[in-house]
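Heavy atoms only: backbone and side chains are in, while hydrogens, waters and symmetry mates are out. Because the structure is predicted, anything quoted here is derived from the model rather than measured.
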Amino acid sequence: MSEGDRSTSEEPWPVRVVSQKVGAWIARLGWVWVDGQVAQISRRPGASTVFLTLRDPSADLSLTVTTNRDVLDAGAPELREGARVVLHAKPEFYAARGTLSLRADEIRQVGLGELLARLEKLKKLLAAEGLFDRARKRRPPFLPGRIGLITGRASAAERDVLTNARRRWPAVEFRTVNVAVQGPSAVPDIVGALKVLDADPTIDVIVIARGGGSIEDLLPFSDEALCRAVFACRTPVVSAIGHETDAPLLDYVADVRASTPTDAAKRIVPDLTEEVRLIGQARSRLERAVRNLVDREQHRLDLLRSRPVLARPQVMVDQRATDVGALRDRTGRCLDHRLGAATDDLRHTLARLRALSPAATLDRGYAIVQRADGHVVRAASEVAKGDPLRVRLAEGELTATVDG
């Protein structure tokens with residue numbers, strides 16, 4: 001039978017039965033070690049039970065923890081809200097309220113040395129995954145159109161960034177998102193603000209700023225979830241956390257690391273006064289370069305104009321006219337000579353042709369006798385009696401017949 005068939009055919013369970021079964025299942029989980037951040041401590045005067053709210057540093061999740069006052073005093077007598085703890089607890093389900101909580105029999109506050117060791121281990125892990133790689137870091141634009149700022153509400157860091165940036169470039173625009181910068185809700189708030197600003201197409205660069213503090217205060221800025229969120233951002237991110245000596249893991253992941261919030265303002269916008277001065281210097285250099293180029297070219301033009309060919313151009317024309325006249329006379333003489341020689345050759349050739357021509361022979365009284373087929377008769381044996389003949393003379397021709 002399918003699950004859907006059971007849900008309609010079987011008898012429904014009462015709430016108490018469901019609660020009992022859930023409680024029984026949770027009771028089988030046994031004792032576990034839990035790591036978290038204390039969001040709230042409730043110590044009632046005269047009561048032996050202490051209630052804690054334990055929050056996940058990287059997610060918006062929390063659990064209620066109950067413990068004996070003696071257990072808390074023995075393991076973490078100076079426990080304050082925001083501290084990191086490791087506790088040995090057993091999950092319990094309260095059927096009456098339908099809530100899950102932890103019952104702790106041992107609580108240890110995480111010391112500074114242990115925190116630093118965890119941060120160093122996380123640093124090596126993120127570095128091995130390439131989150132600190134310089135090749136992937138992006139350079140913010142020279143003059144961003146709009147800047148996203150993530151910082152605490154009415155904090156000194158917010159005032160430093162806004163004041164110094166507007167002093168350097170008065171027209172700069174900001175979109176500020178105020179978040180908790182320490183405590184259990186800091187990481188979820190910062191990650192949420194980062195996603196909002198990264199999705200805004202008008203934001204060209206994002207600044208995460210916070211003033212100085214202890215290592216515990218700056219711990220949210222070394223959180224793995226925040227580091228990975230910054231690494232996944234499409235918009236360049238500037239980290240401006242604490243002072244010069246503070247180095248949370250966010251500094252290594254961000255595209256630009258500013259030593260202080262004031263330094264961040266200097267890195268995200270140029271100085272208008274300095275840029276005007278640089279433009280003035282560049283303009284002066286450009287004017288000098290153009291003036292030198294014009295002077296150089298004018299000097300070249302003056303040198304060219306001083307040459308004889310340009311100073312007295314008619315001299316070159318007269319010289320070429322004389323050359324052309326001489327060439328034309330020589331060409332005429334050569335042509336006349338060749339025409340005269342050709343005329344003499346033609347006259348001599350014509351005289352030879354006339355001397356060798358049959359017409360000249362006919363002029364001397366000779367005649368050419370041809371048969372009817374045009375064959376020239378050179379011997380009497382070539383004709384017979386009665387053959388017609390054609391006799392060509394110097395002037396005209398005769399027709400004759402052989403009669404003997």
*asked:* Are the side chains of L79 and V85 in contact, using a 4.5 Å heavy-atom criterion?
replied: yes
*Measure across F231 and G130 and return the closest heavy-atom pair with its distance rounded to 0.1 Å.*
CE1-O, 3.8 Å
*asked:* Please check this pair: side chain of R69 against backbone of A47, looking for a donor-acceptor N/O pair closer than 3.5 Å.
replied: yes
*asked:* So which atom in P91 and which in L100 form the shortest heavy-atom distance, rounded to 0.1 Å?
replied: CB-CD1, 4.3 Å
_Tell me whether T176 contacts the main-chain N or O of L149 through its side chain, where contact means a donor paired with an acceptor under 3.5 Å._
no
_Just so I know, are the side chains of L197 and T235 near enough to count as touching, which here means a heavy-atom distance under 4.5 Å?_
no
*Are L87 and V65 side-chain neighbours, meaning at least one heavy-atom pair lies under 4.5 Å?*
yes
*Using 4.0 Å as the upper bound for N to carboxylate O, is an ion pair formed by R146 and D200?*
yes
*asked:* Could you tell me if Q182 and R210 have a donor-acceptor pair between their side chains, going purely by distance under 3.5 Å?
replied: yes
*Do I107 and T67 come within less than 4.5 Å of each other through their side chains, counting heavy atoms only?*
yes
*ring-ring contact (aromatic ring centres under 6.0 Å, His included) partners of residues 245-297, not counting sequence neighbours, each pair once*: F132-Y252
_Exam field: side chain S155 to backbone T151, donor-acceptor pair closer than 3.5 Å_ = no
*State whether the side chain of D223 and the backbone N or O of V187 hold a donor-acceptor pair below 3.5 Å, judged by distance alone.*
no
*Could you walk me through whether D344 and R347 pass the salt bridge (Lys or Arg N to Asp or Glu O under 4.0 Å) test, one step at a time?*
CA-CA 5 Å; D344 292 341; R347 187 182 301 111; 2.9 Å; yes
_Working for side-chain contact (heavy atoms from CB on, under 4.5 Å), residues L218 and I241_ = CA-CA 8 Å; L218 301 182; I241 308 301; 3.9 Å; yes
*If you look at every heavy atom in G152 and N178, which pair is closest and at what distance?*
O-ND2, 3.4 Å
*asked:* Using only atom types and a distance under 3.5 Å, with no angle test, would you say the side chain of Q298 pairs donor to acceptor with the backbone of V294?
replied: no
*Would you check if the side chain of S48 reaches a backbone N or O of N68 as a donor-acceptor pair within less than 3.5 Å?*
no
*Is the closest basic N to carboxylate O distance between D387 and R371 below 4.0 Å?*
no
_Checking K90 now: which residues fulfil side-chain contact (heavy atoms from CB on, under 4.5 Å) with it, not counting sequence neighbours?_
A27, W31, R103
*Do V161 and F174 come close enough that some side-chain heavy atom pair is under 4.5 Å?*
yes
*Ignoring hydrogens and angles, tell me if any N or O in the side chain of S222 forms a donor-acceptor pair with the backbone of L249 under 3.5 Å.*
yes
_Enclosure of W33 CH2 (heavy-atom neighbours >12, cutoff 6.0 Å)_ = yes
*Are any non-hydrogen side-chain atoms of I208 and V230 less than 4.5 angstrom apart?*
yes
*When rounded to the nearest 0.5 angstrom, what is the spacing between CG in L122 and CG in L131?*
9.5 Å
*With a cut-off of 6.0 Å (strictly less than), are more than 12 heavy atoms of other residues, nucleotides or ligands near NZ of K137?*
yes
*At their closest point, which heavy atom of A264 faces which heavy atom of V207, and how far apart are they?*
CB-CG1, 4.2 Å
*Could you tell me whether the side chain of R136 reaches within less than 4.5 Å of the side chain of D255, counting heavy atoms only?*
yes
_Restricting to non-hydrogen atoms, name the atom on L226 and the atom on P220 that form the minimum distance, rounded to 0.1 Å._
CD2-O, 3.5 Å
*Are the charged groups of K123 and E224 less than 4.0 angstrom apart, N to O?*
no
*Out of curiosity, S239 OG to I150 CD1, how far, rounded to the nearest 0.5 Å?*
11.0 Å
_I206 and its side-chain contact (heavy atoms from CB on, under 4.5 Å) partner, picked from I147, L194, V238_ = L194
*State, without any angle test, whether Q319 and D323 hold a side-chain donor-acceptor pair at a distance under 3.5 Å.*
no
*Name all residues meeting the side-chain contact (heavy atoms from CB on, under 4.5 Å) criterion together with N164; count only those two or more places apart in sequence or in a different chain, and write none if there are none.*
D160, R167, T262, A265
*Which pair of heavy atoms, one from D263 and one from S259, lies closest together, and at what distance?*
OD2-N, 3.0 Å
*Atom CD of E274: over 12 foreign heavy atoms under 6.0 Å*: yes
_Tell me whether R138 at atom CZ has more than 12 heavy atoms from other residues, nucleotides or ligands lying less than 6.0 Å away._
yes
*Just by distance, do the side chain of D189 and the backbone of V179 share a donor-acceptor pair under 3.5 Å?*
no
*Electrostatic pair E275:R277 at N-O distance under 4.0 angstrom*: no
*Side chains of K124 and K121: closer than 4.5 Å at any heavy-atom pair?*
no
